[in-house]
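Starting from 1, each residue takes its place in the sequence as its number. What you are looking at is a predicted structure, and each value in this text was computed from that prediction instead of being measured.
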Amino acid sequence: MVSHTYFYPKILDDSSVLPRSFHMFRNLVSFEVDIIHYGQIKSLFDIILQFSPNLTSLIFRQLFTYDKVGEDALSLNIVPRCLLFCLKSIEFQNFSGHPGEIEVVNIFLENARVLLLITLGSSSHRLEYMNKKKSTAKEVEDANHKILEQLLPFSWASADCMVTFSSP
């Protein structure tokens with residue numbers, strides 16, 4: 001059984017009152033986030049992931065990482081149960097390789113113990129924006145390789161995790 005739950009960004013902005021009123025989402029196995037700002041990531045962990053113990057799949061359609069936030073914006077007080085026992089795949093669509101995006105991926109790599117797959121949307125759109133021309137396959141491959149080089153030094157909680165790149 002797959003259940004879908006929709007949250008509005010405003011809910012993530014006012015997370016101080018939610019944990020007392022939230023119930024466990026035991027049937028939630030897949031969660032898709034349309035738009036989330038970097039400053040809301042901690043609330044996503046503290047609210048949604050903490051109350052979704054059986055979550056196996058997470059998709060971020062758009063992650064805005066240009067927000068100015070404090071240094072502890074991504075520090076986890078408690079690692080959600082789903083990261084320890086259930087979460088197997090994460091997809092970041094529209095991934096450009098911005099340092100904030102890399103930091104978010106790192107949080108998952110360091111904490112998701114049974115993670116099998118992280119899919120990063122091709123960075124070709126970023127290259128096209130920067131170069132004002134259509135990117136070649138070699139340019140996209142080089143950009144993806146640079147992103148992977150940034151992720152490799154991190155401590156990965158799952159030895160079985162693979163990082164792949166998808167095309168738009």
Main chain of [Y], side chain of [X]: is a donor-acceptor contact present, judged purely on distance under 3.5 Å?
X    : Y    : answer
E101 : G97  : yes
T56  : V29  : yes
W156 : M162 : no
N54  : R26  : yes

Which atom pair, heavy atoms only, marks the closest approach of [X] to [Y]?
X    : Y    : answer
C82  : L49  : SG-O, 3.7 Å
A112 : A157 : O-CB, 3.7 Å
C86  : P53  : SG-O, 3.1 Å

Residue of the set I41, N94, V105 for which side-chain contact (heavy atoms from CB on, under 4.5 Å) holds with L63: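 It is I41, the one option of I41, N94, V105 that forms the side-chain contact (heavy atoms from CB on, under 4.5 Å) with L63.
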
side-chain contact (heavy atoms from CB on, under 4.5 Å) partner of L120, chosen from I102, T164, N144, L151: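 So the option named by the test is L151.
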
Examine [X] and [Y] and state if one hydrophobic cluster contains both, with Ile, Leu, Val, Met, Phe, Trp and Tyr joined whenever side-chain heavy atoms are less than 4.5 Å apart.
X    : Y    : answer
I147 : V104 : yes
L117 : L84  : no
V79  : M24  : yes
L83  : V163 : yes
L115 : V33  : yes

Just how far is it from atom [atom1] of [X] to atom [atom2] of [Y], taken to the nearest 0.5 Å?
X    : Y    : atom1 : atom2 : value
E141 : L148 : CD    : CG    : 11.5 Å
F165 : T119 : CZ    : OG1   : 10.0 Å
R113 : F85  : CZ    : CZ    : 6.5 Å
L44  : L58  : CG    : CG    : 6.5 Å
I59  : S89  : CD1   : OG    : 7.0 Å
C161 : I90  : SG    : CD1   : 7.5 Å

Carefully, step by step, assess L55 and R81 under the rule side-chain contact (heavy atoms from CB on, under 4.5 Å). CA-CA 9 Å; L55 191 70; R81 183 185 188 286; over 6 Å; no

Going by atom types only, do H145 and E149 share a side-chain donor-acceptor pair under 3.5 Å?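 Side-chain D/A pair, H145 to E149: present.
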
Please find out if less than 6.0 Å separates the ring center of F154 from that of F108.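 Ring centres of F108 and F154 not closer than 6.0 Å.
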
Examine F60 together with F92 and report whether their ring centres are nearer than 6.0 Å.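 F60 vs F92: aromatic centres under 6.0 Å.
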
What do you reckon, is CD1 of I78 surrounded by more than 12 foreign heavy atoms closer than 6.0 Å?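 Count not over threshold, so no.
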
Assess whether a salt bridge exists between K146 and D142, defined as any Lys/Arg side-chain N lying under 4.0 Å from an Asp/Glu carboxylate O.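 Salt bridge: no.
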
